[in-house]
Amino acid sequence: MTKASFFFLLLAIISCSSKQESKVTLAVAANMQHAMESLINEFESTYNIKVEASSSSSGILTTQIRQGAPFDIFLSADLNHPNLLYAEGLASSPEVYAKGKLILWTVKNDITLDLGINSLLDSGIKKIALANAETAPYGFAAAQSLEVSGLKERLNTKLIIGESISQVNQYIQSENVDIGFTSQSVLYSTYLSYPGTWIPVPDTLYSPIRQGIVLLNHGKKENLSNSKQFYKFMFSERAKEILSNYGYNVSQ
């Protein structure tokens, strides 16, 4: 190899190394989609580290991580999925970074929610969306709410199952369903042109939605410095302020 060839090879190696060190990759639960955009903007402008985020249901992201997807950090909508990855030796021990809130939301003007969750019994409501309880923690909380309130059997034929909270939000906003269970954070989206009508689902009807964060093996082995920086940022006062602005409870 000539000196010139060696020089350019060295530059290429340094370039690749630099790119690796200036980026962090996230697997983000779908309910966090809008809040995460604000968090990423704040993080990138503060630390000059790029962030690449993929969003889906926590269950689907867990499967992707098991199959070797190169994520550095996983932000789940619950603790169950991070705990499974921790038990399998694929992640650090989970910590709670926020607590989520479940709401009933409609953009149809002719639907009223004066009777709380019992409003779902209105004969004018034909389709009710919720996320897949098997893979989406907010879907699990919605199914649990219907079960505890005694409404599940009566409403079973009206339920439309979405892959994730994002898909449920699409169903609601496009009026493909009359109403749906979703995360309160959607109400704070900067892209939301019409907030419609919503009510909180009583938190006595579902288990607390404790959202967990873990440092994945890929982050620990391949990108430790940047991964730790973002992980630490998620517990900063600025990140808590942003999360709170999107309706999350960040008090411990």
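Everything numeric in this text was worked out from a predicted model, so none of it was measured.
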Could you tell me the separation between the CD atom of Glu241 and the CG atom of Leu39, rounded to the nearest 0.5 Å?
11.0 Å
For Ser93 and Tyr231, work out which heavy atoms get closest and say how close.
O-OH, 4.2 Å
Say you draw a straight line from NZ of Lys23 to OG of Ser227; how long is it, rounded to the nearest 0.5 Å?
11.0 Å
Please give me the minimum heavy-atom distance between Trp105 and Trp198, naming the atom from each residue.
CD1-CB, 3.9 Å
Can you confirm whether Tyr86 is buried at OH, in the sense that more than 12 heavy atoms of other residues, nucleotides or ligands lie under 6.0 Å from that atom?
no
Any Lys/Arg nitrogen of Lys108 or Asp178 sitting under 4.0 Å from an Asp/Glu carboxylate oxygen of the other?
yes
So, does Gln144 use its side chain to make a donor-acceptor pair with the main chain of Ser207 at under 3.5 Å?
yes
Hey, what do you get for CG (Leu102) to CD1 (Ile165), rounding to the nearest 0.5 Å?
7.0 Å
Give a yes or no on whether the backbone of Leu215 and the side-chain of Ser92 come within a donor-acceptor separation of less than 3.5 Å.
yes
According to the salt bridge (charged side-chain N to carboxylate O under 4.0 Å, His left out) rule, which pairs have a member within residues 180-205, sequence neighbours left out?
none
Going from CD on Gln211 to CG on Asp78, what distance comes out if it is rounded to the nearest 0.5 angstrom?
8.5 Å
I need the single residue from Ile209, Val96, Leu84 that forms a side-chain contact (heavy atoms from CB on, under 4.5 Å) with Leu79. Which is it?
Val96
For the atom pair CD1 (Ile199) and CD1 (Ile117), what is the distance rounded to the nearest 0.5 Å?
7.5 Å
Closer than 3.5 angstrom, by distance alone: can the side chain of Ser185 be matched with the main-chain N or O of Asn31 as a donor-acceptor pair?
yes
Nearest 0.5 Å, please: how far is OH in Tyr138 from OG in Ser164?
12.5 Å
Within the side chain of Lys158, is there an N or O that forms a donor-acceptor pair under 3.5 Å with the backbone of Ile125?
yes
Over 12 non-hydrogen atoms of neighbours within 6.0 angstrom of CD in Glu134:
no
